[in-house]
Amino acid sequence: KPARIVGVVGSVQNSDLGGPREPEVYFPEFQERADAMYLVVRMNGDADPTASVHAVISKIDPDVALYDTAFMANRVASSLRLRRCVAYLLDGLAGTGLFLAFVGLYGSIAHFVELRRREIGIRAALGASRAELIGVVVRQASTIVGAGLAAGIFAAALGGQAVRSRFFGMEGADAGAWTVVLGVTSIAALFAALVPAWRVGRIEPAAALRNE
């Protein structure tokens, strides 16, 4: 029916904070009567206002029923409960993946050290310093980590596009999150390379060549 437009609002997530944004139209209650309606009360403090609100409504109309009362924070939490569980699951998988990457990187660098033990022994015999020998390991670790981070960033960018619509308020490019993830991964890679690098610095040239 014809109606006067008094304002324009954006699309909203009416029933699900993680759902798509839908167009919404608001009508005054006296023009579009409904069988039920929500009453939202803004208040200060944590006291339960149900009894006070019920008393006020009863004075206006004793036949009006007041039901399904809840704090807005609880309603929001209920709407996000499933997605929050999924987020916790993804956090656990991310932590497991980081641990596996740490173990795999350590194993790869340790294996690299063993394969090049004779070369490292020759370098040491020819006068290479401990810092130069450790640099060989660090450069190898940097190559592995750099390739892994590049592939991870590419995969995360694609994955972020797929899951962005499933989580309320998620942005595609969160500089803080990217910084934390890349920083934690780099620190884990550094610790994974420390033990093999330390072992390289303790290789005796004569022992390395004699074992070969």
Side-chain angles (χ1 to χ4, degrees), residues 1-98 101 146 148-187:
K1 68 179 74 172
R4 177 182 297 175
I5 299 175
V6 297
V8 179
V9 299
S11 299
V12 300
Q13 292 165 315
N14 194 348
S15 58
D16 187 356
L17 288 177
R21 294 182 178 272
E22 301 288 349
E24 187 66 74
V25 178
Y26 299 93
F27 287 97
E29 178 65 19
F30 289 111
Q31 293 183 13
E32 292 288 336
R33 288 299 182 95
D35 296 333
M37 63 182 295
Y38 281 102
L39 175 65
V40 182
V41 179
R42 178 179 294 173
M43 54 177 286
N44 295 323
D46 298 329
D48 189 349
T50 303
S52 300
V53 173
H54 189 272
V56 173
I57 293 178
S58 297
K59 291 180 180 180
I60 299 174
D61 189 345
D63 296 329
V64 174
L66 182 64
Y67 64 96
D68 191 23
T69 59
F71 287 99
M72 184 61 71
N74 295 338
R75 293 193 180 277
V76 173
S78 177
S79 175
L80 299 177
R81 184 177 295 115
L82 178 59
R83 288 177 172 83
R84 184 173 287 113
C85 291
V86 174
Y88 288 149
L89 177 61
L90 292 177
D91 287 342
L93 294 176
T96 303
L98 180 62
L149 289 179
I153 291 173
F154 178 75
L158 294 181
Q161 297 292 333
V163 303
R164 186 185 307 174
S165 61
R166 306 298 300 174
F167 294 95
F168 172 68
M170 178 178 175
E171 299 294 337
D174 188 339
W178 282 98
T179 301
V180 170
V181 171
L182 294 178
V184 170
T185 305
S186 300
I187 292 174

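Please read these numbers as outputs of a predicted model, since none were measured by experiment.
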Applying side chain to side chain contact (heavy atoms under 4.5 Å, CB included) to Leu39 and not counting sequence neighbours gives Val41, Val53, Ile57

Applying side chain to side chain contact (heavy atoms under 4.5 Å, CB included) to Leu149 and not counting sequence neighbours gives Val145, Leu182, Thr185, Ser186

Residues passing the side chain to side chain donor-acceptor pair (under 3.5 Å) test with Glu22, sequence neighbours excluded, are none

Contacts satisfying salt bridge (Lys or Arg N to Asp or Glu O under 4.0 Å) that involve residues 51-63 (not counting sequence neighbours) are none

So salt bridge (Lys or Arg N to Asp or Glu O under 4.0 Å) across residues 86-98, not counting sequence neighbours, yields none

The side chain to side chain donor-acceptor pair (under 3.5 Å) partners of Thr50 (sequence neighbours excluded) come to Asp48

Residues at least two apart in sequence or cross-chain that pass side chain to side chain contact (heavy atoms under 4.5 Å, CB included) with Phe71, listed by chain then number, are Met43, Pro49, Asn74

Side chain to side chain contact (heavy atoms under 4.5 Å, CB included) filter on Phe154, not counting sequence neighbours, yields Leu158

